[in-house]
Every structure is written in C-alpha cells, then in structure tokens.
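What follows is a single structure, written as structure tokens, with notes after it.
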Amino acid sequence: QVQLVESGGGSVQAGGSLRLSCTASGYTYRSAYMGWFRQAPGKEREGVAAISPGGGITYYADSVKGRFTISKDNAKNTVYLQMNSLKPDDTAMYYCAAANGGISYLPLKPQSYNYWGQGTQVTASS
C-alpha cells in the first residue's frame, strides 16, 4: 500500500521560512517523479514544484521561483520543499504527490500524479 506522509507545516510571519517533508512507503520511490501542490480555500489545486526521479531536474511555478526549493533524498524516501520569503498568498494546504511519469507526464499538473498525501497546512500572516 502506497503511503505519502507530509510534515513541517505551520504558521509563520510573512518573510519567514518553513521546510516541508514528505516520506513515501510502499512505492518504488527511486523511479518516481515527486511533486508539491497547494490548494487554498475556494481555489483549484495548483502545482508548486516537481522533481525528476534522480533529482537532477526540477520544475517550479512562476509564483515561487527563487523562493522555494524542492529536493529529494532517495536513501530516505523523502522529498523536501524549502520555502523562504513566505507571503500571505502562499497560505494553503500543501500536498505531496508521486507520479509514475510516462509520455503524458506534466510536472505541475495534478492529473499527472498517481498518489497523494493527506496534506499539511501552511499559513503566512502579514
């Protein structure tokens, strides 16, 4: 059974930092594309960042480029999202997801992902 468990969310002042973690089990993690998504109340789920199986290729939404960094530790079956210079607009539930990839894979599209975590709340207040 595939399980993705997020941690690291919380409440910070605008300008602060948080690091999210997502640990996977029951899955061929080393061959998985991993992504972070977020969803604010009343809004659609949007892709924030994604990373290739080996960790050498990363993708970011324009809104977080230069502020967020995704990384992957295959030895620990864990993907991270370092979030710096947080803004109130970053407030959302953040989800970790895993994808098998393939020809139709789009890094920041939720429909490309096969497995999802339960989410962790991030709140940045002004």
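The side-chain heavy atoms of Leu4 and Tyr95, taken from C-beta on, include no pair separated by under 4.5 Å. Side chains of Tyr60 and Thr69 form a contact here, defined as non-hydrogen atoms less than 4.5 Å apart.
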For a quick test of your reading: what N or O donor-acceptor pairs under 3.5 Å do the side chains of residues 5-12 make, sequence neighbours left out?
residue, atom, partner, partner atom, Å
Glu6, OE1, Gln118, N, 3.1
Glu6, OE1, Gly119, N, 2.9
Glu6, OE2, Cys96, N, 2.8
Glu6, OE2, Gly119, N, 3.2

Quiz: residues 45-58 side-chain donor-acceptor pairs under 3.5 angstrom, not counting sequence neighbours:
residue, atom, partner, partner atom, Å
Arg45, NE, Gln39, OE1, 3.3
Arg45, NH2, Gln39, OE1, 3.4
Glu46, OE2, Arg38, NE, 2.6
Glu46, OE2, Arg38, NH2, 3.2
Ser52, OG, Gly56, N, 3.3
Ser52, OG, Ile57, N, 3.0
Ser52, OG, Ile57, O, 3.4

N/O donor-acceptor pairs under 3.5 Å from side chains in residues 80-87, not counting sequence neighbours:
residue, atom, partner, partner atom, Å
Gln82, NE2, Asn84, OD1, 2.9
Asn84, OD1, Ser17, OG, 2.9

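Within the structure, the salt bridge (charged side-chain N to carboxylate O under 4.0 Å, His left out) test picks out no pair touching residues 94-109 (sequence neighbours left out). Residue pairs meeting the disulfide bond (SG atoms under 2.5 Å apart) criterion with at least one partner in residues 38-86, sequence neighbours excluded, do not occur; the list is empty. Pairs of residues two or more places apart, or lying in two chains, never qualify as salt bridge (charged side-chain N to carboxylate O under 4.0 Å, His left out) while including a residue from residues 72-82.
In this structure, Arg30 has no side-chain hydrogen bond (donor to acceptor under 3.5 Å, both in side chains) partners at least two apart in sequence or on a different chain. Applying the side-chain hydrogen bond (donor to acceptor under 3.5 Å, both in side chains) test to Thr120 and every residue at least two apart in sequence or in another chain returns nothing. Tyr115 pairs by the ring-ring contact (aromatic ring centres under 6.0 Å, His included) definition with Tyr27, not counting sequence neighbours. Evaluation of the side-chain hydrogen bond (donor to acceptor under 3.5 Å, both in side chains) rule for Asp62 yields Lys65 as partners, not counting sequence neighbours. Judged as a side chain to side chain contact (heavy atoms under 4.5 Å, CB included), and not counting sequence neighbours, the contacts of Ala40 are Lys43, Ala92. The ring-ring contact (aromatic ring centres under 6.0 Å, His included) check on Phe37 picks up Tyr113, Trp116, with sequence neighbours excluded.
Side-chain contact check for Thr78 and Thr23: at least one donor-acceptor pair (N or O, by modelled atom type) lies under 3.5 Å.
A donor-acceptor pair under 3.5 Å is formed between the side chain of Ser112 and the backbone N or O of Leu106. Using modelled atom types, no side-chain atom of Thr123 and backbone atom of Thr91 make a donor-acceptor pair closer than 3.5 Å.
The two residues Trp36 and Ser21 come nearest to each other via the heavy atoms CH2-O, 3.7 Å.
At a threshold of 4.5 Å between side-chain heavy atoms, the hydrophobic network of Ile, Leu, Val, Met, Phe, Trp and Tyr places Ile70 and Tyr33 in two separate groups.
In the displayed structure, Gln111 atom CD is contacted under 6.0 Å by more than 12 heavy atoms of other residues, nucleotides or ligands.
Below 30°, between 30° and 60°, or above 60°: for Tyr94 and Phe68 the angle between ring planes is between 30° and 60°, a tilted geometry.
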